[in-house]
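I have placed the structure first, in the form of structure tokens, so that the comments after it can refer back to it.
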2 protein chains.
Amino acid sequence: MLKLSKKTEYALMAVKFIAKKTDGNSVTAKEISDGYNIPYDLLSKVLQQLTKKKVIKSFQGIKGGYSLSKDPNSVTLIDIIRAVEPNYQITECIKDGSTEKDCTHFNCCMIRDPLAKVQKEIDKLFRSLTIHQIL
Amino acid sequence: MLKLSKKTEYALMAVKFIAKKTDGNSVTAKEISDGYNIPYDLLSKVLQQLTKKKVIKSFQGIKGGYSLSKDPNSVTLIDIIRAVEPNYQITECIKDGSTEKDCTHFNCCMIRDPLAKVQKEIDKLFRSLTIHQIL
DNA sequence: GTTTAATAAGACTAATTTAGTCCTATTTCA
DNA sequence: TGAAATAGGACTAAATTAGTCTTATTAAAC
Ligand code: SF4
Ligand code: SF4
């Protein structure tokens with residue numbers, strides 16, 4: 001519990017790898033996969049998700065690959081986590097419009113609001129850490 | 001991912017329930033279990049773990065139950081989480097003395113130290129939140 | 001134009017973790 | 001001594017995560 005999934009770790013490793021390549025060329029999924037012993041298929045999906053969320057940009061075709069699409073100072077940990085983990089909140093019920101269908105304890109729960117505050121603090125922390133700072 | 005387990009939620013609910021009982025009597029596991037529709041056996045184990053870590057104290061026998069053992073201002077979120085989740089860290093490798101046996105990427109990993117810093121910040125946040133503040 | 005090597009994406013399976021159950025022992029009050 | 005509570009271990013079920021397989025699409029190079 002409270003663990004980051006492998007997808008998040010792979011995303012961070014990939015972003016760091018791409019960020020370190022400064023010669024202007026893009027990086028292929030295979031290069032990253034080989035370099036870090038990350039399963040190729042899994043990594044591919046992570047890279048695709050990062051692309052969708054514009055953290056990186058992709059180039060298709062035989063000379064394709066990935067490169068950063070933003071300044072490393074303007075991408076934060078929360079951007080990466082949200083890209084690969086659509087529901088990263090600490091409780092099931094925190095998303096807007098959640099009802100008793102999301103949790104059997106919804107109606108009797110007295111810790112929902114307090115935990116929502118904790119979530120806000122975690123968000124704040126993750127939003128304050130840029131990939132330039134942490135990688 | 002990054003989700004608190006039910007054990008942590010049950011622990012928080014239980015501590016809040018116990019804290020609200022101000023008449024001096026202790027609270028039984030059954031009362032909490034009935035009040036919040038928490039599986040009795042599971043809750044019992046959570047209460048036992050909280051007792052072991054001295055967050056609450058227990059009284060055995062037919063008039064037994066649980067009560068807080070400390071001032072709510074001196075117990076923090078991290079105490080509760082650590083009581084019920086011995087390994088709550090965001091990555092597998094963060095504990096002291098971890099080696100390549102803990103993670104296949106241990107040797108090539110470039111994000112371990114950065115993530116250790118993130119963990120420290122999370123610890124700091126959880127240590128700063130007392131149960132009096134959040135419950 | 002065909003081949004080749006890359007990204008894109010969905011379905012599926014395996015492995016691991018979490019949640020919940022069951023059962024027995026021990027404690028203590030009436 | 002019986003009743004009702006905590007203590008704790010073993011086990012099962014459910015859910016999530018991790019990994020695999022397969023096919024389609026794209027674009028450079030020949
Ligand atoms: S127990 Fe409370 S805080 Fe946890 S998911 Fe249910 S409603 Fe939300
Ligand atoms: S990938 Fe790196 S950070 Fe993650 S568990 Fe392995 S060694 Fe630790």
Side-chain angles (χ1 to χ4, degrees), chain A residues 1-11 13-14 18 25-34 36-53 56-67 69 81 83-92 102-105, chain B residues 1-11 13-14 18 25-34 36-53 56-67 69 81 83-92 102-105:
Chain A
M1 69 122 241
L2 216 82
K3 219 175 304 194
L4 294 169
S5 75
K6 288 289 178 195
K7 278 167 86 175
T8 302
E9 293 197 16
Y10 295 160
M13 292 164 95
I18 296 168
N25 291 325
S26 61
V27 178
T28 68
K30 190 165 188 312
E31 287 179 81
I32 305 173
S33 158
D34 287 351
Y36 293 155
N37 289 303
I38 301 172
Y40 174 83
D41 294 297
L42 198 44
L43 177 67
S44 292
K45 237 161 275 170
V46 166
L47 290 167
Q48 284 163 30
Q49 290 174 301
L50 289 170
T51 303
K52 267 192 187 167
K53 292 295 170 68
I56 57 179
K57 56 186 170 187
S58 71
F59 306 94
Q60 285 193 314
I62 196 165
K63 279 280 197 178
Y66 299 90
S67 65
S69 62
I81 291 177
V84 298
E85 298 290 343
N87 286 42
Y88 93 99
Q89 64 270 349
I90 56 170
T91 61
E92 205 52 56
D102 296 292
C103 175
T104 51
H105 306 106
Chain B
M1 69 120 241
L2 215 82
K3 217 175 306 194
L4 294 169
S5 75
K6 288 290 179 193
K7 278 166 85 173
T8 302
E9 293 198 14
Y10 295 161
M13 292 164 94
I18 296 168
N25 290 326
S26 62
V27 178
T28 68
K30 189 162 189 312
E31 287 179 82
I32 304 173
S33 157
D34 288 349
Y36 294 156
N37 289 305
I38 301 171
Y40 174 82
D41 293 297
L42 197 45
L43 177 67
S44 292
K45 239 162 271 166
V46 167
L47 290 167
Q48 284 164 30
Q49 289 173 302
L50 289 170
T51 303
K52 266 192 186 167
K53 292 295 171 65
I56 56 179
K57 56 187 169 185
S58 71
F59 305 94
Q60 285 192 313
I62 197 166
K63 280 280 196 178
Y66 299 92
S67 63
S69 62
I81 292 176
V84 298
E85 298 290 343
N87 287 42
Y88 94 100
Q89 64 272 349
I90 56 171
T91 62
E92 205 52 55
D102 295 293
C103 175
T104 51
H105 307 105

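Numbered from 1 within each chain, the chains take letters A, B, ... in sequence-line order.
Taking for each of B/H105 and B/K52 the nucleotide of DNA chain D with the nearest heavy atom, the 5'-most of the two is the partner of B/K52. Mapping B/L4 and A/A29 onto DNA chain C by nearest heavy atom places A/A29 at the nucleotide closer to the 5' end.
Closest approach of B/I56 to B/Y66, counting heavy atoms only: CD1-CD2, 3.6 Å. Considering every non-hydrogen atom in both A/T8 and A/E85, the closest pair reads OG1-CG, 3.6 Å. What you find for A/S33 and A/P39 is that their closest heavy atoms are OG-C, 4.4 Å. The shortest non-hydrogen separation linking A/S26 to A/K63 is OG-O, 4.3 Å. Minimum heavy-atom separation, B/K6 to A/C103: NZ-SG, 3.9 Å. Listed here is the closest heavy atom pair of B/A11 and B/L50: CB-CD1, 4.0 Å.
Among residues two or more places apart in sequence or in another chain, the side chain to side chain donor-acceptor pair (under 3.5 Å) test is passed with A/T91 by none.
For the segment residues 36-48 of chain A, residues with any heavy atom less than 4.0 angstrom from an atom of DNA chain D are, sorted by number, A/P39, A/D41, A/L42, A/K45.
Atom P of nucleotide C/dT7 and atom CD of A/Q49 are separated by 15 Å, given to the nearest angstrom. If you take NZ of A/K30 and P of C/dT4, they are 17 Å apart, rounded to a whole angstrom.
One distance of note links OG1 of A/T28 with CZ of A/F59; it measures 13.0 Å at 0.5 Å rounding. Atom CD of B/Q89 sits about 9.5 Å away from atom CG of A/L2, to the nearest 0.5 Å.
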Distances for protein N or O near nucleotides 15-18 of chain C N or O, under 3.5 Å:
{"unit_1": "C/dT18", "atom_1": "OP1", "unit_2": "A/M1", "atom_2": "N", "d": "2.7"}

Using a 3.5 Å cut-off and no angle test, enumerate the donor-acceptor pairs between side-chain atoms of residues 40-49 of chain B and protein atoms at least two apart in sequence or in another chain.
{"unit_1": "B/S44", "atom_1": "OG", "unit_2": "B/Y40", "atom_2": "O", "d": "2.9"}

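Side-chain atoms of A/M13 and B/H105, non-hydrogen and from C-beta on, do get closer than 4.5 Å to each other. Residues A/M1 and B/I81 have side chains in contact (heavy-atom distance under 4.5 Å, counting atoms from C-beta outward).
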**OP:** Could you please spell out the steps behind the side chain to side chain contact (heavy atoms under 4.5 Å, CB included) verdict for B/N37 and A/T104?
**Re:** CA-CA 8 Å; B/N37 289 305; A/T104 51; over 6 Å; no
Protein-proximity profile, nucleotides 24-30 of chain C, B/S/- by nucleotide at the 4.0 Å heavy-atom cutoff, equals ---BBB-
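With a heavy-atom cut-off of 4.0 Å to chain B, the contacted part of DNA chain D has its first and last nucleotide at D/dA3 to D/dT17.
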